[in-house]
There are 2 protein chains.
Amino acid sequence: MESSFAILAEPNRRSILSLLAASECSVGELERQLRMPQTSVSKHLRVLREAGFVEARVEAQKRVYRLRPEPLMEVDAWLTPFRRFWTAHVDALERHLDQMDPTPKKGKKR
Amino acid sequence: MESSFAILAEPNRRSILSLLAASECSVGELERQLRMPQTSVSKHLRVLREAGFVEARVEAQKRVYRLRPEPLMEVDAWLTPFRRFWTAHVDALERHLDQMDPTPKKGKKR
DNA sequence: GATTCATATTCCCGTCAAGTCATATACTGA
DNA sequence: TCAGTATATGACTTGACGGGAATATGAATC
């Protein structure tokens, strides 16, 4: 079982994920956009699929791949303890605000 | 020039970074806490140093290593386009992803 | 200057992963 | 059924990486 970081170490896999972040794609579409052999695309997709980064649905002869968020969420979570190293020097005030933090999240609400 | 993701693919290197996130350490301290041979620690530190993840200052015979934020910031930035997949509508995402992406399937005709 | 401590570097080896080529599987339509 | 399209898999080669042992560098203390 590979770590999510090991999966992301491969540049072509990151490219595939970036394309899928824009919109779901079939294997052939990825093949054309990345200009890489179909067998390579399929193998990388297999790795990404088994690691939970993507999932496929069958559509006639095509397989349409789309993103799954969980593994990237793990990576995002791993970064958490490090964020203070670049949010702190932006403004120390931010830490104060963190400590108060009684405010519930309010965005625009409908 | 290695990508930051390739550097983070190694579990021991991630452990080193996590320790350094808590506080700066000498090589010997890392060696003891991670229970790994000194030669391995030094080699990983070299990789981390050359990739800009850490920097060392000399203190008598010791070298004290500390974090540098830039490469991890890059990783954080790479994640940005993916965050909408889990920050916006987490529950809607879990039900059906295609509902939040109603873009028509075909772009171009030939 | 020799010794000791702290760290870095070099060499060798096993492993593993990515690329390529060839082939296999699956679905569609005539 | 056959032909054609779309994707997956297998075998093989090659190159890179991590681990370990031995060794080198370099500062501090005597």
Side-chain angles (χ1 to χ4, degrees), chain A residues 1-20 23-68 71, chain B residues 1-20 23-68 71 105-110:
Chain A
M1 182 168 45
E2 292 262 34
S3 92
S4 298
F5 288 97
I7 308 290
L8 294 178
E10 229 293 321
N12 294 315
R13 286 199 285 262
R14 291 200 301 278
S15 302
I16 290 176
L17 292 176
S18 293
L19 285 178
L20 294 181
S23 78
E24 47 179 41
C25 287
S26 71
V27 180
E29 287 168 341
L30 293 170
E31 177 190 354
R32 284 186 292 277
Q33 300 209 44
L34 298 175
R35 296 212 174 90
M36 68 178 357
Q38 175 262 317
T39 68
S40 290
V41 176
S42 277
K43 282 189 193 179
H44 284 308
L45 282 172
R46 178 180 187 170
V47 174
L48 289 170
R49 206 188 328 126
E50 290 178 345
F53 282 85
V54 301
E55 63 186 352
R57 72 166 189 277
V58 178
E59 204 171 83
Q61 312 100 317
K62 304 190 176 181
R63 318 261 164 120
V64 179
Y65 281 85
R66 68 174 165 224
L67 268 182
R68 280 173 53 87
Chain B
M1 182 171 52
E2 290 264 31
S3 92
S4 299
F5 288 97
I7 308 289
L8 294 177
E10 229 293 319
N12 295 313
R13 286 199 284 264
R14 292 200 300 278
S15 302
I16 290 176
L17 291 176
S18 293
L19 285 178
L20 293 181
S23 77
E24 45 180 42
C25 288
S26 71
V27 179
E29 287 167 342
L30 294 170
E31 178 189 354
R32 283 186 293 276
Q33 302 207 44
L34 298 175
R35 294 209 175 95
M36 70 178 351
Q38 174 262 318
T39 161
S40 290
V41 176
S42 277
K43 278 196 256 193
H44 286 308
L45 282 172
R46 178 181 186 168
V47 174
L48 290 169
R49 205 188 328 127
E50 290 178 344
F53 282 84
V54 301
E55 63 187 351
R57 72 166 190 278
V58 179
E59 206 170 82
Q61 312 101 316
K62 303 192 176 179
R63 320 260 165 121
V64 180
Y65 280 84
R66 66 166 169 251
L67 269 182
R68 281 173 53 86
K105 201 54 205 0
K106 294 299 254 201
K108 32 191 97 158
K109 285 190 168 177
R110 305 179 179 89

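Heavy-atom basis, side chains included; hydrogens, waters and symmetry copies ignored. By convention in this document, chain letters (A, B, ...) are assigned in the order of the sequence lines, proteins followed by strands, and residues within each chain are numbered from 1.
- Within the structure, every side-chain polar atom (N or O) of A/Arg63 is placed at least 4.0 Å from both OP1 and OP2 of D/dA6.
- In this structure, the side chains of B/Leu20 and B/Leu48 stay at 4.5 Å or more apart for every pair of heavy atoms.
- Chain B approaches DNA chain C over the interval C/dA6 to C/dC11, counting the first and last nucleotide 5' to 3' with an atom under 4.0 Å from its heavy atoms.
- Between B/Arg13 and D/dG18, a side-chain N or O to OP1/OP2 separation shorter than 4.0 Å is present.
- Taking atom CZ of B/Arg46 as the reference point, atom C1' of D/dA24 lies 13 Å away to the nearest angstrom.
- Under the 4.5 Å side-chain criterion, counting only non-hydrogen atoms from C-beta, B/Arg13 is not in contact with B/Leu17.
- Side-chain contact between B/Pro11 and B/Arg14 is present, with heavy atoms from C-beta onward closer than 4.5 Å.
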Next on the checklist: Let's go through B/Leu8 and A/Leu8 carefully: what are the C-alpha distance in whole Å and the side-chain angles of both, what is the deciding distance for side chain to side chain contact (heavy atoms under 4.5 Å, CB included) to 0.1 Å, and is it a yes or a no?
Outcome noted: CA-CA 9 Å; B/Leu8 294 177; A/Leu8 294 178; over 6 Å; no
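- For A/Tyr65 and D/dA8, the shortest distance from a side-chain N or O to OP1 or OP2 is below 4.0 Å.
- Considering only heavy atoms from C-beta on, B/Arg66 comes within 4.5 Å of B/Arg57 through its side chain.
- Rounded to an integer number of Å, the gap from CD of A/Glu10 to P of D/dC17 is 12 Å.
- Mapping A/Ala6 and A/Gln61 onto DNA chain C by nearest heavy atom places A/Ala6 closer to the 5' end of the strand.
- Within the 4.5 Å cutoff, the side chain of A/Leu34 has no heavy atoms near those of the A/Asn12 side chain.
- The two residues A/His44 and A/Ile16 have their closest heavy-atom pair at CB-CD1, 3.8 Å.
- A residue-by-residue look at B/Lys43 and B/Ser26 shows that B/Ser26 has its nearest nucleotide of DNA chain C further toward the 5' end.
- Note: NE2 (B/His44) to P (D/dC17) measures 12 Å, nearest angstrom.
- Between B/Met36 atom CE and D/dG18 atom C1' the separation is 9 Å, expressed in whole Å.
- Using a 4.0 Å heavy-atom cutoff across all strands shown, A/Thr39 reaches at least one base atom of the nucleic acid.
- B/Lys62 has its NZ atom 13 Å from the P atom of D/dA28, to the nearest Å.
- The base of D/dA6 is not paired with the side chain of A/Gln38 by any donor and acceptor separated by under 3.5 Å.
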